[in-house]
2 protein chains.
Amino acid sequence: MLDATRPFRLTPQRAAVFQVVRDACDHPTAREIYARVKACQPGIGFATVYRTLNLLAAHREILELQLGDDAVARYDANTAPHDHILCTSCGAIADINVPLPESTTRQAARESGFEVEGYELQFLGRCAGCVTQ
Amino acid sequence: MLDATRPFRLTPQRAAVFQVVRDACDHPTAREIYARVKACQPGIGFATVYRTLNLLAAHREILELQLGDDAVARYDANTAPHDHILCTSCGAIADINVPLPESTTRQAARESGFEVEGYELQFLGRCAGCVTQ
DNA sequence: GTCCCTGCAAAAGTTTTGCATTGCG
DNA sequence: CGCAATGCAAAACTTTTGCAGGGAC
């Protein structure tokens, strides 16, 4: 993944941040990542975490997501195109993969006159646990 | 739209904020709305604008949107379900209407185990003006 | 009079930036 | 040595909250 061939230096702090994002299965915020990185890099500062997340996102090593109406960035080590679903009850976030039909993208282009490059799709609902409660 | 039958008072400040959002065709931010409202309500404060936008959104008179990776809320007086497309070059935002096939929603439910209540779909691309440049 | 609303200021929260220091290459 | 990266603190920015004053009913 990250090695000497990258156009940026792989410092222990950066490696720790990247490891935390890869190990996470809950789309953590920068603050949550900071707390987890503290476990193995106690001296790390906020700024380094933010700078590293921006660096990794700029190099497409991770994704920066804006989910729900939170106004807080979340991070995802799964860089393959995929979608998300959010539980409106408990806030859980899950990865899903529901490609749009080609016709839908074509319709978006036709309606808007835009050249479509991609899309972001999030579903809202209630997770299995919250439904049975 | 807003009249005496609403469960909240229609003050001149609130009417001005609502009017600005309805007249806007660019999905303005709270700060932009504040600047425009100043034109007819020079004494209005930030807090009143934010409180009014939250009030109107809570009563489904307007929509609060989180578009792109901006981490800033935008507002839309079009409360009918619809989608958006963003120009990655100039930042333009357009409304579009591309309903997802039923099968796509069903697939999301099946993959996640969630009870799907809705979705948000944004396309990314380049607008006609930016393409020809 | 009561209650809701407003405006101002301060607070809260996230993210960025400035700068001196550190440490790899 | 030279340059990039770090850590700390302060700043920038959006949004919320506390509170005293004022207006509507």
Heavy-atom contacts, protein to nucleotides 4-16 of chain C, under 4.0 Å, summarised as B (base), S (sugar-phosphate only) or - (none) per nt, yield SSBBB-----SBB

Taking the ring of A/Phe46 and the ring of A/Tyr34, is the distance between their centroids below 6.0 Å?
yes

How about B/His84 and B/Phe123: are their ring centres within less than 6.0 Å of each other?
no

Spacing between B/Leu53 atom CG and D/dT15 atom P, to the nearest angstrom
9 Å

Atom CG of A/Asp69 and atom P of D/dT15 are separated, to the nearest Å, by 11 Å

Taking all non-hydrogen atoms of both residues, which atom of B/His82 and which atom of B/Ile96 are closest, and how far apart?
CB-O, 3.4 Å

Heavy atoms of B/Gly68 and B/Gln122 approach each other most closely as N-OE1, 3.3 Å

May I ask you to check whether B/Tyr75 and B/His27 place their ring centers less than 6.0 Å from one another?
no

Rounded to whole angstroms, how far apart are CD1 on B/Ile33 and P on D/dT14?
13 Å

